[in-house]
Protein chains: 2
Amino acid sequence: MKKVIDKFRDFNRYYTRVLGLLDDHLLNSPYSLVEARILYEIHEQGPVSASQIMAEIDMDKGYLSKVLKQFAKDGLISKQLSAEDARVSLISLTAKGLKAYHALDAASHQQIEALISALSKAERRQLVEHMEGIRKLLSGSTKDS
Amino acid sequence: MKKVIDKFRDFNRYYTRVLGLLDDHLLNSPYSLVEARILYEIHEQGPVSASQIMAEIDMDKGYLSKVLKQFAKDGLISKQLSAEDARVSLISLTAKGLKAYHALDAASHQQIEALISALSKAERRQLVEHMEGIRKLLSGSTKDS
DNA sequence: GTTAATTAGTTGACAAATTCAACTAAAATT
DNA sequence: AATTTTAGTTGAATTTGTCAACTAATTAAC
């Protein structure tokens, strides 16, 4: 009988693969994983600073800066200087950015839908319970470092 | 009340972060994520072909070839031509490779241990049940494409 | 309230990771 | 025997990510 930690690690390998399969699909889009995630955060958090994005997604600030620069160049986002702190720009999605986000969102949604298509209502409820259970058990250990 | 798919996606974002934190720790080692995973597969599957590794980890064969080349150069693996099929080499860990694997394995083990250190026995059992529950519910949908 | 230390973000140079297509050689198919 | 497929390699190119140095603004210290 395997120990808890080994089972945990088995699951991590398994779920890494699930996430990989889901992400693959995203490759029909012109956006990388991180780009998609950044668009998501901007959409989610309304006008948001680069620092706030960094707090959500762990990534190098230099790299983030470059991705945002490209987004701006592509007309996906707009920046507005913060009134309280002139160092920070608050970033929002433009109409074009919102459209890009929606496309990614819809694709991702469909992916998951396909993944759970065979599950009954009860099974879907169980699935979500398992996910929330894991999160509950691990939270406290995964607070922002 | 959020729908199942949205909760699924929430969990994916959450768990991506958990995996990211765990992987971070691995950065004290001289090996990248994929390298660690490849070492794991070689250890797990005994003498194994590059193709078999590719079946487990989804990655470009050219890239895998290069990583394996470097492993060989570093003395972590040895190759032996397959008796049945002269195109394939069967890869094994050398003593040095095994040592490298064990170091990674121990570090990863400790990481998880730290993550669940606050959990009681019952909670750990629940955690594993949730993980196995997810896997059971999703398997069939996640067969090799 | 001027100096020092932090913080937000940018930039360029660089290194690492990944992709891709062309290639060799062996095996399987027709 | 000729063709196609499969395993693996290689080099060139791109993408991705890191790092340190930098500017400008804010906060803390004295």
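Heavy atoms only: backbone and side chains are in, while hydrogens, waters and symmetry mates are out. Convention: sequence-line order gives letters A, B, ...; per-chain numbering from 1.
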> For A/F8 together with A/Y15, are the ring centres under 6.0 Å from each other?
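Centroid distance A/Y15-A/F8: not below 6.0 Å, so no.
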
> Starting at atom OH of A/Y63, determine the distance to atom P of C/dG12, rounded to an integer number of angstrom.
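Value for this atom pair: 17 Å.
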
> Tell me whether B/T94 contacts the main-chain N or O of B/G75 through its side chain, where contact means a donor paired with an acceptor under 3.5 Å.
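Yes, B/T94 side chain to B/G75 backbone: donor-acceptor pair under 3.5 Å.
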
> Decide yes or no on side-chain hydrogen bond (donor to acceptor under 3.5 Å, both in side chains) for B/Q111 and B/S108, but give the supporting numbers first.
CA-CA 5 Å; B/Q111 267 286 290; B/S108 173; over 6 Å; no

> Aromatic rings A/H102 and A/H43: how do their planes relate, parallel, tilted or perpendicular, breaks at 30° and 60°?
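Aromatic pair A/H102/A/H43 classed perpendicular.
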
> Just call it for A/K66: base, sugar-phosphate, or nothing, with non-hydrogen atoms closer than 4.0 Å on any strand.
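Result for A/K66 = base.
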
> When you check the gap from the basic side-chain N to the acidic O, do A/D105 and B/R9 get nearer than 4.0 Å?
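Looking at A/D105 and B/R9, the cut-off is met.
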
> Under 4.0 Å from any heavy atom of chain A: name the first and the last nucleotide of DNA chain D that qualifies, 5' to 3'.
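Range of nucleotides within reach of chain A: D/dT16 to D/dT26.
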
> Could you check how far NZ of B/K69 sits from P of C/dA17, rounded to whole Å?
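The answer, rounded to whole Å, is 16 Å.
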
> Do A/R13 and B/Y40 form a cation-pi contact, if we require the NZ or CZ to be under 6.0 Å from the six-membered ring centre and within 45 degrees of the ring's axis?
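Yes.
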
> How far does CD of B/E123 sit from CD1 of B/I116, to the nearest 0.5 angstrom?
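If we round to the nearest 0.5 Å, B/E123:CD and B/I116:CD1 are 10.5 Å apart.
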
> Could you pick out which residue, A/M59 or B/D60, lies toward the 5' side of DNA chain D when each is mapped onto its nearest nucleotide?
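Checking each residue's closest nucleotide, the 5'-ward one belongs to B/D60.
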
> Separation of A/K61 atom NZ from C/dT6 atom C1', in whole Å?
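Going from NZ in A/K61 over to C1' in C/dT6 covers 10 Å.
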
> About how many Å separate CD1 of A/I134 and CG of A/L137, when rounded to the nearest 0.5 Å?
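CD1 of A/I134 is found 8.0 Å from CG of A/L137.
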
> Pull out every residue in residues 78-93 of chain A that has a heavy atom closer than 4.0 Å to any atom of DNA chain C, ordered by number, or say none.
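Only A/K79, A/R87, A/V88, A/S89 qualify.
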
